[in-house]
Amino acid sequence: MRHILDARDFDVDFIAHINERACIFQDALDNPNTRNSFRHLQSGSVLLNIFYQPSTRTRLSFFFAAHRLGMGVDGTENAGQFSSAIKGESLEDSVRVMCEYHPDVIVLRHPEKGAAKRAAAVSSVPIINGGDGAGQHPTQATLDLFTINREVGRLEDLTVVMVGDLRYGRTVRSLCYLLAKYPNIRIRFVSPPQLRMKNDIKRYLAKHRVSFKESTSLKKALKGADVVYVTRIQREYFEAAKGIDYDEVSSMFILDEKAMQWLDVKSRILHPLPRVNEIALEVDDYPQAAYIRQAGYGVAVRMALIEWVLAT
Ligand code: NCD
């Protein structure tokens, strides 16, 4: 059975395969006449979206991806409140019961790190990790690589700046795991001191000979960057980490019109979204702004991922 749980499980052949399929899907989706030409591929199968944490893009892009593949889709967008979890049911019991209804794939988002692995341990159908707390977000990282490849034209020899909440950001963690598979990657981390990238990722990068450095100067970091990956300051994770002043950390690094002077015209700005104030609205009109297109690519990439987990 094929699960998607952890970006470390992927290899470059897998990513190349997903990128190739997603390219075909993306071109077809861009044209109203061909948008529905893949509905035969998984017709009759059912995708179950179980989200215990808020989501717009991940949940809806899986929804659209499944529809474009001809699948039925159901689930819950507030499983923490509207499922039996509120009555005290364990994740394991919920997954075991859902499997009795015979969905073909379950997409799970959960606030606890490791939840997708726990679900996979008891599931009789493939589990796709749609984000497990401050752990990982492997389908977002796959989408991020697809975006970099499509917008910058390559996945090797890149200078990638990661800005914002690197401590609780699961997207940057998964992206580091994936970038480490390619040659000549240079990463620059720019974050408030309280929200620096955790040591496990730094150790992983060092072990895989990825050069990285931490910087407190956005200006310096942006010079010569190919990709600028901006993230939101994730206030919801601060409750457990008292002593972090949201207003202070969220105003530290803002990508605004002034910062755009330091950025090459060929570079691309990505963001998993949602954006709060970390990218000023005026940046949206610059050719480097790729984040809205990036979100759109989520449907094609998730079509490719669903197809892969369901391939026998
Ligand atoms: C991210 C997430 O949920 O980890 N969003 C997403 O899936 N596109 C980032 C965030 O919430 O800031």
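Just so it is clear, the model here is predicted, and its values are computed rather than measured.
Using a 4.5 Å heavy-atom cutoff, the side chains of M197 and K202 are in contact. Taking the side chain as every heavy atom from C-beta outward, E236 and P54 never approach each other to under 4.5 Å. Residues L178 and I15 are in side-chain contact: their nearest non-hydrogen atoms beyond the backbone lie under 4.5 Å apart. Contact of the R302 side chain with the T58 side chain is registered, since non-hydrogen atoms from C-beta on lie closer than 4.5 Å. Side-chain contact between L158 and V152 is present, with heavy atoms from C-beta onward closer than 4.5 Å. Considering only heavy atoms from C-beta on, P32 comes within 4.5 Å of R35 through its side chain. Inter-residue side-chain proximity for V163 and E278 is flagged as unmet; no heavy-atom pair is nearer than 4.5 Å. Residues D165 and Y237 form no side-chain contact, since every pair of their non-hydrogen atoms from C-beta on lies 4.5 Å or further apart.
Sequence neighbours left out, the pairs with a member in residues 17-44 that pass ring-ring contact (aromatic ring centres under 6.0 Å, His included) are F25-F38. Every pair passing ring-ring contact (aromatic ring centres under 6.0 Å, His included) that includes a residue from residues 263-309 is listed here, sequence neighbours excluded: F14-W308, F146-Y297. The stretch residues 176-198 participates, sequence neighbours left out, in these salt bridge (charged side-chain N to carboxylate O under 4.0 Å, His left out) pairs: D157-R186, R196-E214.
Taking both residues in full, the closest heavy atoms of P192 and I233 are given as CG-CD1, 4.5 Å, listed atom of the first, atom of the second, then distance. Closest approach of H110 and R170 over heavy atoms only: O-NH1, 4.3 Å. A pairwise comparison of heavy atoms in E89 and S94 identifies OE1-OG, 2.8 Å as the closest pair. Between D247 and S251, the shortest heavy-atom contact is O-OG, 3.0 Å. For L179 against I185, the heavy-atom pair with the smallest separation is O-CG1, 3.4 Å. Closest non-hydrogen pair, S267 versus A225, comes out as CB-O, 3.2 Å.
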- prompt: Going through the checks in order, is the salt bridge (Lys or Arg N to Asp or Glu O under 4.0 Å) test met by D9 and K117?
  reply: CA-CA 12 Å; D9 299 337; K117 274 195 182 132; 5.7 Å; no
field: Check against side chain to side chain contact (heavy atoms under 4.5 Å, CB included), T231 and M162
entry: CA-CA 8 Å; T231 64; M162 298 189 184; over 6 Å; no
- prompt: What's the verdict on side chain to side chain contact (heavy atoms under 4.5 Å, CB included) for F238 and V249, showing C-alpha distance, side-chain angles and the deciding distance?
  reply: CA-CA 11 Å; F238 289 7; V249 293; 4.1 Å; yes
query: side chain to side chain contact (heavy atoms under 4.5 Å, CB included) between Y229 and T171: does it pass, once the steps are laid out?
result: CA-CA 10 Å; Y229 194 94; T171 64; 3.5 Å; yes
task: Output, in order, the C-alpha distance, side-chain angles, deciding distance and verdict of side chain to side chain contact (heavy atoms under 4.5 Å, CB included) for L270 and E151.
output: CA-CA 10 Å; L270 275 63; E151 299 270 341; 5.8 Å; no
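Linking Ile, Leu, Val, Met, Phe, Trp and Tyr whenever their side-chain heavy atoms come within less than 4.5 Å leaves L143 and L273 in two separate clusters. Follow the hydrophobic side-chain contacts under 4.5 Å out from V190 and you reach V228 in the same cluster. V227 and L222 fall into different hydrophobic clusters, where Ile, Leu, Val, Met, Phe, Trp and Tyr side chains are chained together by heavy-atom contacts under 4.5 Å. Taken together through direct or relayed side-chain contacts under 4.5 Å among Ile, Leu, Val, Met, Phe, Trp and Tyr, F51 and V46 form parts of separate hydrophobic clusters. L166 is not connected to I269 by any chain of hydrophobic side-chain contacts under 4.5 Å among Ile, Leu, Val, Met, Phe, Trp and Tyr, and they are in different clusters.
Formation of a donor-acceptor pair under 3.5 Å by the R268 side chain with backbone atoms of I148 is not found in this model. Judged by distance alone, with hydrogens and angles left aside, the side-chain atoms of R154 form a donor-acceptor pair with the main-chain N or O of E156 at under 3.5 Å. Side-chain N or O atoms of S61 include one that pairs as donor or acceptor with a backbone N or O of R57 at under 3.5 Å. S43 contributes no side-chain N or O that, together with a main-chain N or O of R39, makes up a donor-acceptor pair within less than 3.5 Å. With hydrogens and angles ignored, the 3.5 Å screen pairs no side-chain donor or acceptor of Q194 with any backbone N or O of I244. Of the possible polar contacts, none joining the S174 side chain to the Q136 backbone as a donor-acceptor pair under 3.5 Å is found. Judged purely by atom type and a 3.5 angstrom limit, H208 has no side-chain atom pairing as donor or acceptor with the backbone of V210.
Not counting sequence neighbours, the partners of V309 by the side chain to side chain contact (heavy atoms under 4.5 Å, CB included) test are R2, I4, V105, P126, I128. Checked against side chain to side chain contact (heavy atoms under 4.5 Å, CB included), E20 has no partners two or more places apart in sequence or in another chain. For Y177, the ring-ring contact (aromatic ring centres under 6.0 Å, His included) partners at least two apart in sequence or on another chain are Y204. Residues satisfying the side chain to side chain contact (heavy atoms under 4.5 Å, CB included) test with K258, not counting sequence neighbours, are D256, Q261, W262. For F253, the ring-ring contact (aromatic ring centres under 6.0 Å, His included) criterion is met by no residue, not counting sequence neighbours. With sequence neighbours left out, S37 forms a side chain to side chain contact (heavy atoms under 4.5 Å, CB included) with A28, T34.
In this structure, N277 CG and L255 CG are separated by 11.5 Å, a value rounded to the nearest 0.5 Å. Considering CD1 of I306 and OG of S45, their distance stands at 10.0 Å, rounded to 0.5 Å. Atom OG of S250 is separated from atom CZ of R232 by 11.5 Å, given to the nearest 0.5 angstrom. Separating the CG atom in L205 from the CZ atom in F189 is a distance of 5.0 Å, to the nearest 0.5 Å. Rounding to the nearest 0.5 Å gives a distance of 12.5 Å between NZ of K223 and CG of D264. A distance of 13.0 Å separates CG in L155 from CG in N184, rounded to the nearest 0.5 Å.
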For residues 62-81, please give each side-chain donor-acceptor pair under 3.5 Å, one per line with the distance, not counting sequence neighbours.
unit_1	atom_1	unit_2	atom_2	d
R68	NH1	N36	OD1	2.9
T76	OG1	N78	N	3.3

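Checking each of D6, D132, D200 against R173 for a salt bridge (charged side-chain N to carboxylate O under 4.0 Å, His left out) leaves exactly one that passes, namely D200.
Taking Ile, Leu, Val, Met, Phe, Trp and Tyr as hydrophobic and joining them when side-chain heavy atoms fall under 4.5 Å apart, one finds L281 isolated, its cluster having no other members. Residue M98 shares its hydrophobic cluster (ILVMFWY side chains chained together at separations under 4.5 Å) with L5, L48, I50, Y52, L91, V95, I106, L108, V122, V125, I127.
Neither side chain, S191 nor R167, offers a donor N or O lying under 3.5 Å from an acceptor on the other.
Looking at D27 and R150, a side-chain N of the basic residue comes within less than 4.0 Å of a carboxylate O on the acidic one, giving a salt bridge.
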